[in-house]
Amino acid sequence: MRPLAALVIVLALAGLAAAEPGFDAGARAAAGADASDALLAPLSTAPPIRQALDSDLAQTWAQAQVFLRYEDDQLNLRVISGPMNQPYMQRLLALHITDPQPVIIHLHGCGRSDDLADIRNQGRALAELGYVVIAPDSFVRHDRPSGCDPRTQMRDFGAPLAQIQQWRIEELSYALTRVLEAPWADKLRIFAGGFDEGGDAVLAFSDPALAGRFAIAAPCRFQPLRDDKLPTLVIVSNRDLWFNADHEPEARGRCRQKLRGSTNVSLFESDGVLHDALIYEESRVTLWNFLVRASFL
């Protein structure tokens, strides 16, 4: 979408959903959890994790899910998706070498999902806005544990959550390096996004190459960055079932508390119960406005 058209849409939608200003996010990737976070969960009882293989990081990129909007022969806009390492996806990306596209590196959530439902829904929604969406696959890592059970909507506090957080930050950093090398990427419009545990990693990462970052349903288990000026948006459902009394109640409102007083961060609470807050239209409108504004900063 051309900048002028995008600006018109932003002005038209500005009254639909306003994000709450306040906060002050990141700077460089956080090395680990803040001391108070250690009290949020019992020590891990999981068996030791085997040392990650050297090829793990490269595989998270090679097998990343890519979502790309394109125009068919009837001039209809459609979204196509598939693994980064597939030839057809490489051919589609190569079509944009002369017309570089804005990019969102989007980190998936905490659970291994056979149908990739959350990533597919979010990836398609973001691609429909005109972005190349790249979702690195953290679960291709050797002996990669899951941080939750999506079926029961329960966090696995016995999992090595701090180690997983560090892995996710490494995956984001590696993906950013690859995007910066890609001729089809608009280097002035690269964003980092994340869902649930992926959102925590995004909030703990910053790089001068990023135009902005956003997190959806992040539990803020680890300390977000607060001392950089990178535009940041946090989106949550105000009655998220994952954060109710039977699941992880301490996560409700934790991002607001940890980011209070930051000037470059906005928090938007959609009226709903779903963990994937991007399902709600007002969340998508708010994110769209954020992405366009950040592109012009």
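These figures come from a predicted structure and were not determined experimentally. All heavy atoms count here, side chains included; hydrogens, waters and symmetry mates do not.
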To check you understand the geometry: which heavy-atom pair defines the closest contact between Ser81 and Phe67, and what is its length?
CB-CD2, 3.4 Å
With rounding to the nearest 0.5 Å, note down the distance linking CD in Glu250 to CZ in Arg155.
9.5 Å
Could you tell me whether the side chains of Ser206 and Asp228 share a donor-acceptor contact shorter than 3.5 Å?
yes
Would a 4.5 Å heavy-atom cut-off, applied to side chains only, mark Phe243 and Pro249 as touching?
no
OH of Tyr280 to OG of Ser237: how many Å apart, nearest 0.5 Å?
4.5 Å
Value for CD (Glu248) from CG (Asp240), rounded to nearest 0.5 Å, stands at 9.5 Å
Residue pair Leu259 / Thr232, side-chain heavy-atom distance below 4.5 Å
no
Can you measure from CG (Leu230) to CZ (Phe191) and round to the nearest 0.5 angstrom?
9.0 Å
Any ion pair linking Arg69 and Glu128 (charged N to carboxylate O, less than 4.0 Å)?
no
Leu129, Ile235: one ILVMFWY side-chain cluster at the under-4.5 Å cut-off?
yes
With a 4.0 Å cut-off on N to O distance, would you call Asp271 and Arg239 a salt bridge?
yes
Linking I/L/V/M/F/W/Y whenever their side-chain heavy atoms sit closer than 4.5 Å, directly or via other members, would Ile97 and Leu188 fall into one cluster?
no
From the options His106, His275, His108, select the one residue that forms a ring pair (Phe, Tyr, Trp, His ring centres under 6.0 Å) with Phe195.
His275
Rounded distance [0.5 Å steps], CZ in Arg141 versus CG in Leu57
5.5 Å
Atom pair CZ (Arg124) and CD1 (Ile80), whose distance is rounded to the nearest 0.5 Å
9.5 Å
